[in-house]
Each structure stands twice: as C-alpha cells, then as structure tokens.
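Remarks on the structure that follows.
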Amino acid sequence: MPTARKFLILLAGAAFLGGCSSTTSPLPLTDTPPPAPSSSSVFAGHARALRFVQGAWVAAPEYDYDFLVLERRFTDHWEAIKEIHRRHPRYDGRAGPRDQTLYFLVHMSPALDGGYDLVAEGSLGRGSGHEKAGGGALVLELANARKGWFVPFDTIRIRQERTAVEGRVQETVELLSKGKGREIPFMKMEEEGLVYRPVRP
C-alpha cells in the first residue's frame, strides 16, 4: 500500500476516534424531559475581559466573549446553562476551548432580609451566596473547580445586577486568590446583556 494512502487511512481513523472519544457533558444526564419551571428567561450579550497588572485593571480583549444564558427557576432552586464564545483571533486557549458550555445549579433558602441564601454547584465549582429580595441582585462565591499549581486563582466571585430598567442584566465575574485575610485579583469579566422572557398569551 502506498505511503500516502496509509497516512490518509491513519488520519481518517484518528479523526473518527477523536470525534467519538468524549461522551461527557457539563449538563446532568437524564432520560426524561426537564420539568416545567415556574419562570424562565434568556440573557444574551458580550463580556469585556480585564487583567490585574501592577495594581491596575488592564483590558485583555483576546479573552472577551459573547454569552448566552438559559435560566430556569423552580420553587426552591434554579438552574442555568451558559454558552460562551471567544471569537478574538489572538485568543490563546489558556481559559479553555473557545466555545464552552457551563452549568450551574443553585439551591435557595429564605433569608431574614426577605431574600434568599444560596448554595451553588456546577462546572466552575461549589460555593454559596445571597440574592436580594425581588431577585434584583445576587453575589455568589465559588471554590474554583480547576484550582491547582498552574491556575493563578482559587475563587470565582459572581455579582449580578438586573437594573431598574427592565430587560437588562449586568454581571461581573472575578477570578481571585484568597488567603491570610487578603484577596489577590487576577482577572475579571464585565458582562452586559439583554434579558428575554417568554411571551404570555
């Protein structure tokens, strides 16, 4: 068999195996349709990335991304599926694939101020937080699921504001290290987007 033909067969086999090698998903597996939520919404927008350098935030446009979030709310919890797409030509892959799917499951319990205390788990790690009454603002802190020797942060802090103007959402995702009573920022992503809700008859 000619060498070129052997190479093409090996290449085709490698591509087939590569396409079939991963059956994992960040989403929980189920053989039934999801239950009907009490409410649902979609957020879509763009995030600007900034890196903390010598005491100041510096734009890192190669890490910017577009995002799309589907949020389903239930009586005592909600789940969110988030798609992010980094389209800058100089993105270096250090934050993972250009296109990613993230999953969050957040359990709620009533708090004394009328809001909710939160316990979260998902693709980025586990943690806790608080949502103000009315769902206007929330803060979540997660222990980074990818922490290790080569990951320069151990905590992910998510702050979300849904402004008084209906239909807009702002979120800041901070990557930082915590220890000995201080915080060392690494990067943050500032997200702005629109909120879409189902049409009610």
Out of curiosity, does M189 fall in the hydrophobic cluster containing I81 (side-chain heavy atoms, cut-off under 4.5 Å, transitive links)? no

From CG (D154) to CG (L142), nearest 0.5 Å: 12.0 Å

If two hydrophobic side chains count as joined below 4.5 Å and joins carry through other members, does V42 share a cluster with Y65? no

Gap between atom OG1 of T101 and atom CG of L68 - 0.5 Å precision: 10.0 Å

Nearest atoms (heavy-atom pairs only) where S40 meets P198: O-CD, 3.2 Å

From E174 CD over to E141 CD, what is the distance, rounded to the nearest 0.5 angstrom? 8.5 Å

State, to 0.1 Å, how close H88 and R98 come at their nearest heavy-atom pair, and which atoms those are. O-NH1, 2.7 Å

State the OH-CD distance between Y103 and E121, to the nearest 0.5 angstrom. 8.0 Å

For R94 versus D92, what's the shortest heavy-atom pair and its separation? N-OD1, 3.1 Å

Taking the six-membered ring for Trp, is the centroid-to-centroid distance between H77 and F74 below 6.0 Å? yes

In this structure, OH of Y196 is separated from OG of S41 (nearest 0.5 Å) by 12.0 Å

Do L102 and L70 share a hydrophobic cluster, counting only Ile, Leu, Val, Met, Phe, Trp and Tyr and linking them when any side-chain heavy atoms are less than 4.5 Å apart? no

Using atom types as modelled and distance alone, determine if a side-chain donor or acceptor of D64 lies under 3.5 Å from a backbone N or O of A49. yes

Co-membership, hydrophobic cluster, residues V106 and V119, 4.5 Å side-chain: no

Let me check something: do I156 and L176 share a hydrophobic cluster, defined by ILVMFWY side-chain heavy atoms less than 4.5 Å apart, either directly or through other members? no

L140 vs F104 side-chain heavy atoms within contact, under 4.5 Å: no

The single option from R48, R168, K82, R159 that satisfies salt bridge (charged side-chain N to carboxylate O under 4.0 Å, His left out) with E191 is K82

Nearest non-hydrogen partners of T75 and M108, listed with the distance: O-CE, 3.5 Å

Under 3.5 Å, side chain of H130 to main-chain N/O of Y116, donor-acceptor pair present? yes

Just by distance, do the side chain of S38 and the backbone of R73 share a donor-acceptor pair under 3.5 Å? yes

Could you check whether any side-chain heavy atom of T172 comes within less than 4.5 Å of a side-chain heavy atom of Q170, counting everything from C-beta outward? no

Spatial distance of atom CZ (R51) from atom CH2 (W57) [nearest 0.5 Å]: 10.0 Å

Would you say the rings of Y63 and Y91 are close, in the sense that their centroids are separated by under 6.0 Å? yes

Compare every heavy atom of P26 with every heavy atom of S123, then report the nearest pair and how far apart it is. OG-CB, 3.8 Å

Q100 side chain to A95 main-chain N or O, any donor-acceptor pair under 3.5 Å? yes

